[in-house]
Peer 1: 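Sharing a structure here in structure tokens format.
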Amino acid sequence: MQKNPNPANWRAKTRAVRGGTKRSEFQETSEGLFLTSGYAYASAESAEARFRQTEDGFVYSRFGNPTVQMFEERMALLEGAPVARATATGLAAVTAAFLCFLRAGDHVVAAQALFGGCRYIVEEVLPRFGIATTLVHGPDLAAWRAAVRPTTKAFFLETPANPTLEIIDLGEVAQIAHAAGAKLMVDNVFATPVLQKPMAFGTDIVIYSATKHIDGQGRCLGGVILCDPEFLKDHLQVFLRNTGPTLSPFNAWVLLKSLETLDLRVREMSRHAEAVADFLGQHAKVERVLYPFRDDHPQAALARAQMAMGGSIVTFTVAGGKAAAFRVANALRLIDISNNLGDAKSLITHPATTTHQRLAPDARAALGISDGMLRLSVGLEDPADLCEDLAGALAYA
Ligand SMILES: *Cc1c(COP(=O)(O)O)cnc(C)c1O
């Protein structure tokens, strides 16, 4: 048994270490990994009662699993959300969050600056099932208002956005969504639950790719949906049970242990990112640096109002387009070329040819993604080593 039975009274760091923990009869200190697909019942009557949901207990791991449940409860406590459900990937979370409650004839408004897979779901998948979608320039509040239709059921956005680190005013957009009778869904991957709490600004549904900072060590994929109990009961629960985008208990265990260090890792990575952004900002070969908490970010004030720190991603542009950006990436000796982010290892990617390759050149231009742009996910290495690596590589720009 836990000694302090009320996690709601714990502060955030304590919740991240102990939230959701349930011990077996062995009183293990590290959370148990329940690699089991099914559960045995004491009697046929008990099986009947569990299926009727008149008796508590697990039924089948597509419906629930002790290790996955510990991860979900810890995530909900950390976010300050009523409930959480885990999924196999971030994109499974986004897909389920939309499809569990939308139907043909409904309408969705989304910011145009979305993670590639999220944009595919909004632009390609939803319309195929009769759900109309409108993409808007996220920071433009008038555009959100103008996009509303009588059938609008959901608003969807990321802030900071990938890779331009554009900031969207969560409180203002939540008001517009609610006035329209729509739910606001926020993909909070770049900010993490440590640096930004979208529900505090009126967001209804928060989504994570746990693959990123939550794992943070490049090991496994995962996703999370956080919402209120009504949305879970009326829409999400039954959809997840019967479509099966379930998180593996093994991955849930890895992610659960990662949450214990999330706060430390994200704050340290943010400090490193700030130092790297300042280094890039004064480098002659760098045309432009984008980092939410830098004074030259066009929405620095809004970023400071919504986020506790600037986050671990720095985006910068070198003169000379794709060729110059490739020369810089190829000359790095420490930082890896990889499209993942939020990892302890610093990773760099060229958005125009990787994460945003699918978009037409004009759509990329509309997002502010130029051919000379590089997105750097700053990790936990010593920032002095990262700056030395970047200095050496920038000589080739
Ligand atoms: C990576 C990512 C996703 C998708 O998550 P997966 O776990 O890779 O499926 C969604 N949104 C954002 C902002 C991401 O960075």
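Both ligands and their constituent atoms are indexed starting at 1 by order of listing. The chain is numbered in sequence order, starting from 1.
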Peer 1: Measure the distance from atom 8 (O) of ligand 1 to every protein heavy atom, then report the residue, atom name and distance (to 0.1 Å) of the closest one.
Peer 2: Ser209 OG, 4.1 Å
Peer 1: Can a cation-pi geometry be assigned to Lys197 and Phe201, taking NZ or CZ under 6.0 Å from the six-membered ring centre and within 45° of the ring axis?
Peer 2: no
Peer 1: Give me the residue, atom name and distance of the protein heavy atom closest to atom 14 (C) of ligand 1.
Peer 2: Lys212 NZ, 2.9 Å
Peer 1: Looking at Lys345, I'd like to know if its NZ atom is crowded, meaning that more than 12 non-hydrogen atoms belonging to other residues, nucleotides or ligands lie closer than 6.0 Å.
Peer 2: no
Peer 1: Check each atom of ligand 1 against the heavy atoms of Glu158 and keep those under 4.0 Å away; list them by number with element.
Peer 2: 13 (C)
Peer 1: Please verify whether a non-hydrogen atom of Gly222 lies at under 4.0 Å from ligand 1.
Peer 2: yes
Peer 1: So, is the end of the Arg50 side chain (NZ or CZ) under 6.0 Å from the ring centre of Phe58 and within 45° of the ring's axis?
Peer 2: no
Peer 1: Should Glu79 and Arg74 count as an ion pair when the cut-off is N to O under 4.0 Å?
Peer 2: no
Peer 1: Identify the closest protein heavy atom to atom 4 (C) of ligand 1: which residue and atom is it, and at what distance?
Peer 2: Phe115 CE2, 3.4 Å
Peer 1: Examine Gly90 against ligand 1 and note whether any of their N/O atoms are separated by less than 3.5 Å.
Peer 2: yes
Peer 1: What residue and heavy atom of the protein are closest to atom 9 (O) of ligand 1, and at what distance?
Peer 2: Leu91 N, 2.9 Å
Peer 1: Please report which non-hydrogen protein atom sits nearest to atom 11 (N) of ligand 1, along with the residue it belongs to and the distance in Å to one decimal place.
Peer 2: Asp187 OD2, 2.6 Å
Peer 1: Are Glu230 and Lys233 within salt-bridge range, i.e. N to O under 4.0 Å?
Peer 2: no
Peer 1: With Arg241 as the cation and Phe63 as the aromatic partner, state whether NZ or CZ is under 6.0 Å from the six-membered ring centre and within 45° of the axis.
Peer 2: yes
